[in-house]
**Q** 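One structure, as structure tokens, below. Some questions next.
Everything numeric in this text was worked out from a predicted model, so none of it was measured.
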Amino acid sequence: MEVKKYKQNINITPELQQRIDELISHYPADKRKSALLPVLHEVQDAHDNWLSAELMDKVAEILNITPIEVYEVVTFYTMYNQKPVGKYMFEFCLTSCCGIRGADDMMEYACEKLGVQPGETTPDGMFSVVGVQCLGACGYAPMMQLGDFYKEHLTREKIDKIIEDCKAGNVILHDK
Amino acid sequence: MATKILLDKINIPGIKSYDVYRQNGGYASVEKAIKSMTPDEITEEVKASGLRGRGGAGFPVGLKWSFIDKKSGKPRHLVCNADESEPGTFKDRYLMEHIPHLLIEGMITSSYALGANLSYIYIRGEYMWVFKILERAIKEAYAAGWLGKNILGSDYSLDLHVHCGAGAYICGEETALIESLEGKRGNPRIKPPFPAVSGLWSNPTVVNNVESIANVPWIVNNSGEAYSKIGLGRSAGTKLISASGHIRKPGVYEIEMGITVHEFINSDEYCGGMMDDRPIKALIPGGSSVPILPEHLIYKTANGEDRLMTYESLSDGGFETGSMLGSGGFIVYNDTACIVRNTWNFARFYAHESCGQCSPCREGTGWLEKILHRIETGNGTMEDIDLLWNIQSNIEGNTICPLGDAAAWPVAAAIRHFREEFEYHVLYPEKIKNRDHYVNEPFSTVKHLINK
Ligand SMILES: Cc1cc2nc3c(=O)[nH]c(=O)nc-3n(C[C@H](O)[C@H](O)[C@H](O)COP(=O)(O)O)c2cc1C
Ligand code: SF4
Ligand code: FES
């Protein structure tokens, strides 16, 4: 197996540090490790939506835990990305309730439009398309997650519009 | 109009905000509880209400509270389970998104009853925008004096925070959820000890579903007895139902327990009938983990009685001819749906979500997925159908947590009620090549081919 190494610039800005401190304050002083999941989300959001080994080490240092404790968690949960992904990641729910209301067709359409296969990223690093499991929007199918938000009742026209909006920089990914 | 407890104020403009919520009677239960009731009196009211856990298992909430260890003197915690990842379920999200203060009010009143001074809401990471809604609502509640030190001048103090997961269905299982809240992988713990004795950071902990906790303010305001009169028998109160699939109006509905399944699916107040007027083929009434019901067992039980939206009626007949109310994830299928494809789809979900600790679950869910995929793509054999049965029966009851059972039951029910469809897939592989194979040719129109 070929292991590819990707570089990541690590930058814990004062605002990010402040937010991390706030999250840590939600747990008793001797239970800093409890803040790990929320802190990883914040750090990932601030670093192009992925976590390099170096960044995980940095999180371990901040929380005063060992790096292995961070790796263990990052590899368990699907929302943490261990390699670069597209700036706009289209995550289509493919579970039954969405499946019977056209989810596979929608994902195929997005893939075709963007020229990628599920799981791939466009060469310019702008878009990724992936299939995921039930997101709790079963009554609003078909749907996908984009950043912190859901795009529901998808149609081909809506997907066209979302892609256009992403290209024009009109899509807010995170609610900070 | 049907009785509403949770969603009665949902249409008031601005109810999401603290001010509007408060102007409409919000936080009254906290006032009443702290000023005029002891914690044990609240637990007694909740017991008297007959409220059962809304997360899936239906365990009586008041009884669970009475198990919390108050003797050891360790700090106690209430953790709200907002992981909501059972396919077909999206009601907790609706409640938190539209009326977040109801959950916060419920958390304060319930924490007071349990003597918890530090409580958490554990929300799935994908609901990030709802996480933010709750964070802001909690800030408002702190600013208004409902959280923090000496609430309403009493000696009761409470800190409440939201914690987010990161994409793992298993974290909905209460001990996995606790592990995850401790910053670890979501591996369920072996019970006992139960969380009520040793939970979060080894402290006594109660884990309750969002909807369970959101019922508490009404019970405290109106009495447990009043609550017990709503609904039907041991299915007290209302239930949020997440309705999806081939119906005209998918969405979240609050029903009084006891209405018929027929009314729920067909009345305009709820699902509005079947989409495109196609015939109903199957129903999963309580989330992907509960057995699927075939057409003839949806509106009537095997005894010919009306099937009702209650814990008892939906499970009438056991697994042979019944199902479960579960989480209230109500998925309706018409005749274009393929049961084999659907069973495979869920098997893929469970294989993906197994935490991998126990071999029957880790290996079994993987095999179920592979064999179902083989059959669905036209490469299965008749022996495969028996093999599926064999595998599912070896998972059930042999694992640390109920995810193994949850993966096994849907497969068992699909084979029990729809075996002919599996056989059709084996016999006519060329007819099921297209993933929408039943759209132009529903199974009912080709069923006769099997006996030829
Ligand atoms: C695999 C698995 C997933 C679960 N997911 C959830 C969930 O998403 N939300 C929930 O409230 N309960 C879930 N539960 C049930 C919880 O373990 C627990 O029983 C429940 O949160 C208790 O709350 P209640 O008594 O108020 O229902 C799950 C259980 C299992 C085994
Ligand atoms: S039954 Fe499955 S999910 Fe539950 S602990 Fe065992 S391996 Fe993990
Ligand atoms: S099945 Fe797609 S969101 Fe639940």
**Q** Using a 4.5 Å heavy-atom cutoff, which residues in residues 81-89 of chain A come close to chain B?
**A**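 Residues of residues 81-89 of chain A touching chain B at under 4.5 Å: none.
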**Q** Going by atom types alone, do A:Y27 and B:H163 pair a side-chain donor with an acceptor below 3.5 Å?
**A**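 Side-chain D/A pair, A:Y27 to B:H163: present.
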**Q** Using every non-hydrogen atom in the two residues, find where B:G245 and A:I100 come nearest and quote the distance to one decimal.
**A**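 It is CA-CD1, 3.8 Å.
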**Q** Does one side chain, of B:N342 or A:S96, offer a donor that lies under 3.5 Å from an acceptor on the other?
**A**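 Present: a donor and an acceptor within the cut-off.
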**Q** Report, by ascending residue number, the residues of residues 101-122 of chain A in heavy-atom contact with chain B at a distance under 4.5 Å; give 'none' if the set is empty.
**A**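 Those residues of residues 101-122 of chain A which have a heavy atom under 4.5 Å from chain B are A:R101, A:D104, A:D105, A:E108.
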**Q** So which of B:P250, B:A168, B:S180, B:G167 has the biggest tally of heavy-atom pairs under 4.5 Å with chain A?
**A**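 Among the listed options, the one with the most contacts to chain A is B:G167.
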**Q** Side chain, backbone, both or neither: which part of B:F346 has an atom under 4.5 Å from a heavy atom of chain A?
**A**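 For B:F346, the side chain is the part near chain A, not the backbone.
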**Q** Got a donor-acceptor contact below 3.5 angstrom from the A:H41 side chain to the B:M128 backbone?
**A**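 Flag not set: sc A:H41 to bb B:M128 has no pair under 3.5 Å.
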**Q** Relative to chain A, which segment of B:I247 carries a heavy atom at a distance below 4.5 Å: side chain, backbone, both, or neither?
**A**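 It is the backbone, since no side chain atom gets that close.
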**Q** Determine the minimum heavy-atom distance between A:T95 and B:N345, stating which atoms define it.
**A**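 Result for this residue pair: CA-OD1, 3.3 Å.
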**Q** What part of B:L118 gets closer than 4.5 Å to chain A, counting heavy atoms only: side chain, backbone, both or neither?
**A**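 Just the side chain, heavy atoms under 4.5 Å.
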**Q** At their closest point, which heavy atom of A:Y77 faces which heavy atom of B:R185, and how far apart are they?
**A**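 Minimum heavy-atom separation between A:Y77 and B:R185: OH-C, 3.6 Å.
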**Q** Report which part of B:Y169 has an atom under 4.5 Å of a heavy atom belonging to chain A: side chain, backbone, both, or neither.
**A**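 For B:Y169, neither part sits under 4.5 Å from chain A.
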**Q** Shorter than 4.5 Å, heavy atoms on both sides: which option in B:H352, B:R435, B:E84 has the most such pairs with chain A?
**A**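 The option with the most such pairs is B:R435.
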**Q** Could you tell me which residues in residues 169-176 of chain A have at least one non-hydrogen atom under 4.5 Å from a non-hydrogen atom of chain B, sorted by residue number?
**A**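 The stretch touches chain B at A:D175, A:K176.
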**Q** Check each atom of A:L94 against the heavy atoms of chain B and say whether the ones under 4.5 Å are side chain, backbone, both or neither.
**A**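 For A:L94, heavy atoms of backbone and side chain both lie under 4.5 Å from chain B.
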**Q** Less than 4.5 Å to any heavy atom of chain A: does that hold for the side chain of B:V130, its backbone, both, or neither?
**A**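 Neither part; nothing is under 4.5 Å.
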**Q** At a heavy-atom separation under 4.5 Å, does B:S242 approach chain A through its side chain, its backbone, both, or neither?
**A**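 For B:S242, there is no contact with chain A at all, as no heavy atom is under 4.5 Å.
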**Q** Select all residues of residues 131-148 of chain A having any heavy atom within less than 4.5 Å of some heavy atom of chain B, and report them by number, or 'none'.
**A**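 Under the 4.5 Å heavy-atom cut-off, A:Q133, A:C134, A:L135, A:G136, A:A137, A:C138, A:G139, A:Y140, A:Q145, A:D148 qualify.
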**Q** Look at B:S85, B:S288, B:G165, B:G251 and state which one has the largest set of heavy-atom pairs under 4.5 Å with chain A.
**A**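 Looking at each option in turn, the highest pair count goes to B:G165.
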**Q** For A:H26 and B:Y120, work out which heavy atoms get closest and say how close.
**A**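 It is O-OH, 2.7 Å.
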**Q** Decide yes or no on salt bridge (charged side-chain N to carboxylate O under 4.0 Å, His left out) for B:E179 and A:K33, but give the supporting numbers first.
**A** CA-CA 11 Å; B:E179 287 284 303; A:K33 179 172 173 175; over 6 Å; no
**Q** Hey, which of B:C338, B:G88, B:G356, B:G329 has the most heavy atom pairs under 4.5 Å with chain A?
**A**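 Most heavy-atom pairs under 4.5 Å with chain A: B:G88.
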**Q** Should the heavy atoms of other residues, nucleotides or ligands under 6.0 Å from NZ of A:K161 be counted, would the total exceed 12?
**A**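 For A:K161, atom NZ is not crowded (no more than 12 foreign heavy atoms under 6.0 Å).
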**Q** Name the region of B:I331, side chain, backbone, both or neither, that has any atom closer than 4.5 Å to a heavy atom of chain A.
**A**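 Just the side chain, heavy atoms under 4.5 Å.
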**Q** Give the minimum heavy-atom separation between A:L37 and B:C164, together with the two atoms involved.
**A**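 Result for this residue pair: CB-O, 3.5 Å.
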**Q** Between NZ of B:K184 and CD of A:E69, what distance do you get to the nearest 0.5 Å?
**A**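 One finds 9.0 Å between NZ of B:K184 and CD of A:E69.
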**Q** Picking from B:P75, B:A337, B:S244, which has the most non-hydrogen pairs under 4.5 angstrom with chain A?
**A**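 The candidate making the most pairs under 4.5 Å is B:S244.
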**Q** Checking B:K139 against A:E22 for the salt bridge (charged side-chain N to carboxylate O under 4.0 Å, His left out) test, could you report, in this order, the C-alpha distance in whole Å, the side-chain angles of both residues, the deciding distance, and whether it holds?
**A** CA-CA 13 Å; B:K139 283 204 176 118; A:E22 184 192 351; 3.3 Å; yes
**Q** Quick test of your reading of the model: are B:E182 and A:R32 salt-bridged, counting only N-O distances below 4.0 Å?
**A**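 Here B:E182 does not pair with A:R32 in a salt bridge, since their nearest N and O are not under 4.0 Å apart.
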**Q** Looking at B:E86, B:M275, B:E353, which makes the most heavy-atom pairs under 4.5 Å with chain A?
**A**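 Max contact count across the listed options: B:M275.
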**Q** Looking only at heavy atoms, what is the nearest atom pair of B:G183 and A:V73, with distance?
**A**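 Smallest heavy-atom distance, with atoms named: O-CG2, 3.3 Å.
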**Q** Measuring heavy-atom distances to chain A, does B:C171 have an atom under 4.5 Å in its side chain, in its backbone, in both, or in neither?
**A**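 The side chain, not the backbone.
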